[in-house]
Amino acid sequence: MSDHPAPAGERAPSPRADLLTAAVLLAFSIGVIVLSAGMPTFTDKGASLFLAPGIVPGFYGSVLTLLALVLAARSIWRGALRGDRGAGTASGAGDRAGLLRLGIAVVLCLVFAVGLIGLVPFWLAVALFVTSFIVIFEWQPGLGASARVRPVGTAVLQGMIAGLLVTYVFQEVFFVRLP
Amino acid sequence: MNVFDNLQMLGAAFASFASPMILFNVFWATLLGIIIGAMPGLTATMGVALMTTLTYTMAPNSAILVLICIYVGAIYGGSRSAILLNIPGTPASACSTLDGFPLARQGLAGRAMGISTTGSWLGTLFGTMCVALFTPVLGELSLSFGSYEFFWVAVFGIVIAGTLSGGDPLKGYIAGFLGLFVAAIGQETNHNFPRFSFGIKDLEGGIGLLPALVGAFGVAEVLQVMRGPAFKVVSSKVDSVIPRLGDIVRYWRTILRSGAIGTFIGIMPGLGEDTAAWTSYAAARRASKEREKYGKGSVEGLMAAETGESACVPGAIIPVLTLAVPGSAPAAVLLAAMLIHGLNPGPLLMVNTPEFLYQIVAMLIIADMTKLFFGLTLVKPLLWILLVPRERLMPVVFVLCTVGAFAITSRVFDIYVMLAFGFVGFVLRELKFPMAPLILGLVLGELLDKNLLRGLNLSAGDVTPFFTRPISAIIAAITLLSILWSIPAVSRRVISLFQRA
């Protein structure tokens, strides 16, 4: 049930990354236990102690603490604290390009979901988002203005079609309220 | 109830779907499912989650029919990109790349797609028969389940999904318990106490399951696809896709075996189509007389993988109907959709609304037949769809995610939940935490929460009934064994003991 695509050539995280994850998880799970323990039990109002709101999250926090400790121990066993072995390999050019694409995608998605929605009509927000996404990711440096007309034009066209079609289909066919 | 009653209910179910509008829905939904499955980066879970939010204004039966068509179509569609791109469209189709792509490179892409279509069609048909036959029996058994048993069913689901989700079991367990924790946020049922809401009103209502799912599967996938390298179609020439009867007759044992394995794995809470495909493939290889062809373009291997993964789809719906526990990630979303539409899957389903089971059977058969139709007719258009660049597809997917997250409760807060789960889901994926246990945790959270407290309250804090009641003890023992098996040192020692014996 591993429902996510596995890109070719992916690497396992380094032991050091696992140790860092374990540390964050440990802090988080201890926080969960502390907050769960501080929840009221309602026994003063005659309720059963075994129906207290903190029991279940406290149980989850305890299990997560245990699992975080096992993850930390395993990452140390695998060399997280041993100089170069634990750090993994340095990022290559492909990784840097991937990170740049990721960063741009995150910014565009945030601008659309947090900035544009509610500020302009939904169809326009979609059109602006889709057009800018395509133009930015298909941008080829060094092209002349005339060579850009066609790709930018199709991007604007796709953006407009997406904006109008999504708005029409979901509002008029599926009767869904749009943000 | 006798066989005649059952057949009558099945007939009535088919009759209820015989309207032009419903058939129109079946056609577009199955086609959309196949397209979603075929496109690398879009998965069946994401498709079902998105469409759940977008179809919630439909009548319950029509909405569930659309979702089943999406699910059936997407699991099948993944084989297209597996064969033509050597990249599984959905993780369920990863196994199909082993023999599907070599067949395509030999100039037999059409034959490979024909085998995949036949295997998938027969697999779903086999699994659907099992739904009709076994759901009433399992439903009867589930009536004897109490709080203690349901607690273990939920824990077992998390553990088995963590152990067998294809990655690191330890990270699988962590993901599962994180999912359970997220499900605990918001007002609990006994005292309406808002847990972990920190005074934020929107959080007091809890984290919406569907915005979280759309984020973890949709947004995280958009980010993952944009980060990864671009895909290229390797084979664009296609020979005939019409399946050969000889392939079916020759490999009938493989088809039956894979159908049975796929359905069984579907029934197991928390596993899913990818595990079904790999297990069916491994079993077929062990029993095969042409073992040397496996991995080099074996028709039998491809048939086994496709039959297994598609038989898993109906199999995964069996525990949804009988225990309200999903057998796979897309089935988890389907369960959520059933709950949203006021349908009540679970032990009382066969008592209160037995006709619903036969409606599901009819839906699966209709979806399967439509899938066969599209699989054999829409070869070239599906090839063109694979050529759509990610830069043009992903922004539209993100827009649909946003609409989907907002649609159910019309709260902008749900868009933020989607974004948060998208980013956290992406980071967890990068750190190789499997997503399936997380989703299962989100879905099973309420079941575990309710039954742990009820069990403790019934026994006044005594935990022994969790371990001493017969069914509880069995599920607890299997859960413990699964955890032990996931420890390499233990499993290696057990295997070496057996080998020595």
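Here is how names work: the chains are called A, B, and so on, in the same order as the sequence lines, proteins then strands, and each is numbered from 1.
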Most chain A-contacting option - heavy-atom pairs closer than 4.5 Å, from [options]:
options                                : value
B:Leu452, B:Leu180, B:Val403           : B:Leu180
B:Cys312, B:Pro389, B:Gly461, B:Ser459 : B:Gly461
B:Asp449, B:Asn190, B:Ile415, B:Thr402 : B:Asp449
B:Leu448, B:Val396, B:Thr55            : B:Leu448
B:Arg195, B:Arg454, B:Met418           : B:Arg195
B:Ala276, B:Ala184, B:Ser410, B:Ala216 : B:Ser410

Check each atom of [X] against the heavy atoms of chain A and say whether the ones under 4.5 Å are side chain, backbone, both or neither.
X        : result
B:Met58  : side chain
B:Leu178 : both
B:Val412 : neither
B:Leu419 : side chain

Taking side chain as C-beta onward, heavy atoms only, is [X] less than 4.5 Å from [Y]?
X        : Y        : answer
B:Phe398 : A:Phe129 : yes
A:Thr21  : B:Lys171 : no
A:Phe137 : B:Met226 : yes
A:Val106 : B:Phe426 : no
B:Phe196 : A:Met39  : yes
B:Phe181 : A:Phe59  : no

Inset, instruction - Please determine if A:Arg74 and B:Asp168 form a salt bridge, counting it only when a charged side-chain N lies under 4.0 Å from a carboxylate O. - result: yes
Inset, instruction - Output, in order, the C-alpha distance, side-chain angles, deciding distance and verdict of side chain to side chain contact (heavy atoms under 4.5 Å, CB included) for B:Thr53 and A:Phe170. - result: CA-CA 11 Å; B:Thr53 60; A:Phe170 292 111; over 6 Å; no
Inset, instruction - Describe, in one word, how the ring planes of A:Phe42 and B:His191 are oriented to each other, choosing from parallel (under 30°), tilted (30 to 60°) and perpendicular (over 60°). - result: parallel
Inset, instruction - Please state whether the side chain, the backbone, both or neither of A:Ile117 comes within less than 4.5 Å of a heavy atom of chain B. - result: side chain
Inset, instruction - Check whether A:Val32 gets within reach of chain B through its side chain, its backbone, both or neither, counting any heavy atom under 4.5 Å. - result: both
Legend entry - Most contacts with chain B, counted as non-hydrogen pairs under 4.5 angstrom, among A:Ala113, A:Cys109, A:Ser36: A:Cys109
Legend entry - Residues of residues 62-71 of chain A contacting chain B, heavy-atom criterion under 4.5 Å, by residue number: A:Val63, A:Leu64, A:Leu67, A:Val70, A:Leu71
Inset, instruction - Could you please state which residues from residues 22-30 of chain A sit under 4.5 angstrom from chain B, measuring non-hydrogen atom to non-hydrogen atom, sorted by number, or 'none'? - result: A:Leu25, A:Phe28
Inset, instruction - Give a yes or no on whether the backbone of A:Leu102 and the side-chain of B:Arg227 come within a donor-acceptor separation of less than 3.5 Å. - result: no
Legend entry - Heavy atoms from other residues, nucleotides or ligands near CD of A:Glu172 exceed 12 (cutoff 6.0 Å): yes
Legend entry - Heavy-atom closest contact (A:Ile134 atom, B:Pro395 atom, distance): CG1-CG, 4.4 Å
Inset, instruction - Search all heavy atoms of B:Phe423 against all heavy atoms of A:Leu110 and return the closest pair with its distance. - result: CE1-CD2, 3.8 Å
Inset, instruction - Could you tell me which residues satisfy salt bridge (Lys or Arg N to Asp or Glu O under 4.0 Å) with A:Arg148, sequence neighbours excluded, listed by chain and number? - result: none
Which donor-acceptor pairs under 3.5 Å do side chains of residues 48-55 of chain A form with protein atoms, sequence neighbours excluded?
residue: A:Ser48; atom: OG; partner: A:Phe50; partner atom: N; Å: 3.1
residue: A:Ser48; atom: OG; partner: B:Asn457; partner atom: OD1; Å: 2.7

Legend entry - Polar contact flag, side-chain donor to acceptor under 3.5 angstrom, B:Arg392-A:Thr154: yes
Inset, instruction - Kindly compute the distance separating CZ (A:Arg101) from CE (B:Met394), expressed to the nearest 0.5 Å. - result: 12.5 Å
